[in-house]
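Data block below; observations after.
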Number of protein chains: 2
Amino acid sequence: MRSYGQYCALARALDVVGDRWALLVVRELLQGPRRYGELLAGLPGIATNLLADRLRSLEDSGVVTRDQGAEYALTPWGEGLHDVVYALGRWARPLMSRPAGTDEFRSHWLSSFVVALFEGVDPRRGDLAVEIHVGERPMALISSGGRVHLTAGTTSTPDITLTGPPDAVIGLIAGAVSRGDAEHLGVVIDGDARALSRLRPDSAVSPRLSPPRQPEASGKRP
Amino acid sequence: MRSYGQYCALARALDVVGDRWALLVVRELLQGPRRYGELLAGLPGIATNLLADRLRSLEDSGVVTRDQGAEYALTPWGEGLHDVVYALGRWARPLMSRPAGTDEFRSHWLSSFVVALFEGVDPRRGDLAVEIHVGERPMALISSGGRVHLTAGTTSTPDITLTGPPDAVIGLIAGAVSRGDAEHLGVVIDGDARALSRLRPDSAVSPRLSPPRQPEASGKRP
DNA sequence: CTGCATCCGGGCCGATACTG
DNA sequence: CAGTATCGGCCCGGATGCAG
């Protein structure tokens, strides 16, 4: 990428990770080292040459290292982008109320929602195990000791199992969609959905900054 | 910008602010409403049509509003990008040790450094007033009550006055450059530079994540 | 003079094909 | 599986024009 040529920390950061797809590559690697093919699968829409370009560029900048045998991983400095990625994710939460539509979804992206929605320890949070079937692979959401984890795979004794389209399942977990609405949107609930409220001891719907007004569907301005 | 087409908060955030220059426009507006010409002056290198494009796009997304008479300002949602911008700035701090070189600099960009370096209240921090002459306009750094502020303009009774190139002055304030080195780099110090250590009660040099290795100057890979 | 719109050259992006 | 090669098209960037 062409440098902004500004002696400013933000500009220099964007010189490194401001390229298209760069932060999404980091998003994938924040979940652990990945092979090239796994990255391709987790980044639907990227062209293979672009992925190769980004990986080289991020490697040159010291964000990514290539382990022996084409395993890519973040450097310690690169892992510092965790705060950036999740700050952006939290900021964009109002945008997630728009339905997924034709957007792609991968089950491991759920972890960004879990971090954004349930970050930190809240001792008033109840214990709960939710198995989530949305996307290619099942995921397990575990609330224990006031903290919420998300792991890949199934769980032995889930309190609730949710299956359905990603936006409706996520809305149900976040408390933004009622149980009835979620079922109407195609979510199959196995277990007592009311227990989901244990995840949100504030009882209120998660606070939301003033949502952006939807862009007019009336096409481009004259 | 072409949408990533992913139902993921990060991807949707980047659909809105992932365009080139977009976050730098936000950086400027985080300091308050600005006219078109002021934005141009604060964004050296941007083409005027690109600035117009970005402002329209950010307006359509609900990040920016255009006040009466072409004053641009952030919406409340847009101001939520504060965390994102400063997270990126903090992450890029190791990149600032590379000298400014031919990079542009604007004095109001100093505020990002102040936020990154001295964020939060530390009661052990001593009081101090530093007048900084670097860039077009003088800035005043005020440490009071354990908190560090930065304002545009001069201060009546500065303890220290610093004048010189931005990288050396900033290095001196951050404690990464010694007084002697700073003067050798062209910084003129009026007052007792040792008092600058009052800003950093930890006494140690600001903690730094593992710095990125410099990209090899040996040109592009074969 | 400010606040854009228009008009190109060049480079990055994106899809497909291809190779070890 | 892990990329490289190629090519059209769009976005970016710089210069210029123009209206209030």
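Just so it is clear, the structure is predicted and the values come from calculations on it, not from any experiment. Quick note on labels: first sequence line is chain A, next is B, and so on, each numbered from 1. Values below: all heavy atoms of this structure, side chains included; hydrogens, waters and symmetry mates excluded.
Between A:Arg20 atom CZ and C:dC12 atom C1' there is a gap of 11 Å when expressed in whole angstrom units. For the pair A:Leu50 CG and D:dC11 C1', the interatomic distance rounds to 14 Å; values are reported in whole Å. Look at CD1 on B:Ile46: it is 15 Å from P on D:dA15, rounded to the nearest Å. In this entry the distance linking CD of A:Glu71 with C1' of D:dA2 reads 13 Å, nearest Å. Look at CG on B:Asp19: it is 10 Å from C1' on D:dC12, rounded to the nearest Å.
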Where protein sits on nucleotides 2-9 of chain C, one letter per nucleotide: B base, S sugar-phosphate only, - none, heavy atoms under 4.0 Å: SSBBBB--
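Residues from residues 5-15 of chain A lying near DNA chain C, meaning a heavy-atom separation below 4.0 Å, are absent.
Phosphate contact (OP1/OP2 of D:dG13, side-chain N/O of B:Trp21, threshold under 4.0 Å): present. In terms of phosphate contacts, B:Arg2 brings a side-chain nitrogen or oxygen within less than 4.0 Å of OP1 or OP2 of C:dA15.
Side-chain contact check for B:Glu28 and B:Trp109: at least one donor-acceptor pair (N or O, by modelled atom type) lies under 3.5 Å. A donor-acceptor pair shorter than 3.5 Å cannot be found between the side chains of A:Glu136 and A:His108. A side-chain donor from one of A:Arg66 and A:Tyr72 sits under 3.5 Å from a side-chain acceptor of the other.
In this view, B:Glu79 and B:Leu74 satisfy the side chain to side chain contact (heavy atoms under 4.5 Å, CB included) rule, not counting sequence neighbours.
Ion pairing between a basic and an acidic side chain is recognised when a charged N comes within 4.0 Å of a carboxylate O; A:Asp83 and B:Arg90 show no such pairing.
Between A:Leu29 and the options A:Leu39, A:Leu58, A:Thr65, a side-chain contact (heavy atoms from CB on, under 4.5 Å) holds for only A:Leu39.
Put simply, the side chain of B:Tyr4 never gets that close to the backbone of A:Ile46: no donor and acceptor are under 3.5 Å apart.
At most 12 heavy atoms of other shown residues, nucleotides or ligands fall within 6.0 angstrom of atom NE2 in A:His184.
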